[in-house]
Amino acid sequence: MDIRSWTATAFAVASLSLASTGQSHATVFAAWQVANVPFGDTLNVRKYPSGTSQKQAAYPNGTVLQMTGRCTGGINLLDIANRPAWQQRQAVRYRWCQVWHDPANDGSFVTGWAYGKYITPY
């Protein structure tokens, strides 16, 4: 096998290996902030997208959250990011959106879910 054939074969195997992993190592977050929570109250981030799910943390209005982009109903915050802010808020108003956060403030980041009615694009 000459060097060109060997190189082409190695490249094909490497490409196939990368394609079969199915996931990128790059991560992109959408920045949204807590808003419209009644005075004196906080937004509860929950373990699962349900109001009855375990509460992981609570954030006051103005807190900027790292959103994974994933929301219930198949909405992706990154896909709607080019729309006006009011359209983005409307798209997630009755959805749960996934948050990447550190509820214990110890560097142990986990995913949780915030109700869309109380978040707005940052």
Any chance you could measure [X], atom [atom1], to [Y], atom [atom2], to the nearest 0.5 Å?
{"X": "I119", "Y": "T63", "atom1": "CD1", "atom2": "OG1", "value": "12.5 Å"}
{"X": "Q33", "Y": "T120", "atom1": "CD", "atom2": "OG1", "value": "6.5 Å"}
{"X": "N76", "Y": "Q98", "atom1": "CG", "atom2": "CD", "value": "10.5 Å"}
{"X": "K55", "Y": "T52", "atom1": "NZ", "atom2": "OG1", "value": "14.5 Å"}
{"X": "R83", "Y": "Q90", "atom1": "CZ", "atom2": "CD", "value": "9.5 Å"}

Side chains of [X] and [Y]: closer than 4.5 Å at any heavy-atom pair?
{"X": "N61", "Y": "N36", "result": "no"}
{"X": "Q56", "Y": "V110", "result": "yes"}
{"X": "T42", "Y": "Y59", "result": "no"}
{"X": "V92", "Y": "L77", "result": "yes"}

- Under 3.5 Å: donor-acceptor pair, side chain of T72, backbone of W96: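 Yes, T72 side chain to W96 backbone: donor-acceptor pair under 3.5 Å.
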
- Message: Quick check against the 3.5 Å criterion: does S53 have a side-chain atom that pairs as donor or acceptor with the backbone of Y48?
- Response: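 Yes.
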
- Task: Measure up the W100 and F29 rings against each other and bin them: parallel (under 30°), tilted (30 to 60°), perpendicular (over 60°).
- Result: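 Aromatic pair W100/F29 classed parallel.
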
Least distance between heavy atoms, [X] atom then [Y] atom:
{"X": "V37", "Y": "V34", "answer": "CG2-CG1, 3.6 Å"}
{"X": "M67", "Y": "W32", "answer": "CG-CB, 3.7 Å"}
{"X": "S108", "Y": "P103", "answer": "O-CD, 4.1 Å"}
{"X": "G73", "Y": "R95", "answer": "CA-NH1, 3.7 Å"}
{"X": "A91", "Y": "I75", "answer": "O-CD1, 2.9 Å"}
{"X": "Y118", "Y": "L43", "answer": "CB-CD1, 3.7 Å"}

- Verify whether one side chain among Q66 and H101 offers a donor that lies under 3.5 Å from an acceptor in the other.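 Their side chains do not contain a donor-acceptor pair, so the 3.5 Å distance test is not met.
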
- Count the heavy atoms belonging to other residues, nucleotides or ligands that lie under 6.0 Å from CZ of R70, then report whether that count exceeds 12.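 Open.
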
- Only pairs at least two apart or in different chains count here, so list each disulfide (SG to SG under 2.5 Å) that has a residue in residues 74-122.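 Pairs touching residues 74-122 that pass the test: C71-C97.
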
- Would you kindly confirm whether Y94 and W113 end up in one hydrophobic cluster when ILVMFWY residues are joined by side chain heavy atoms under 4.5 Å apart?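 Shared cluster, yes.
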
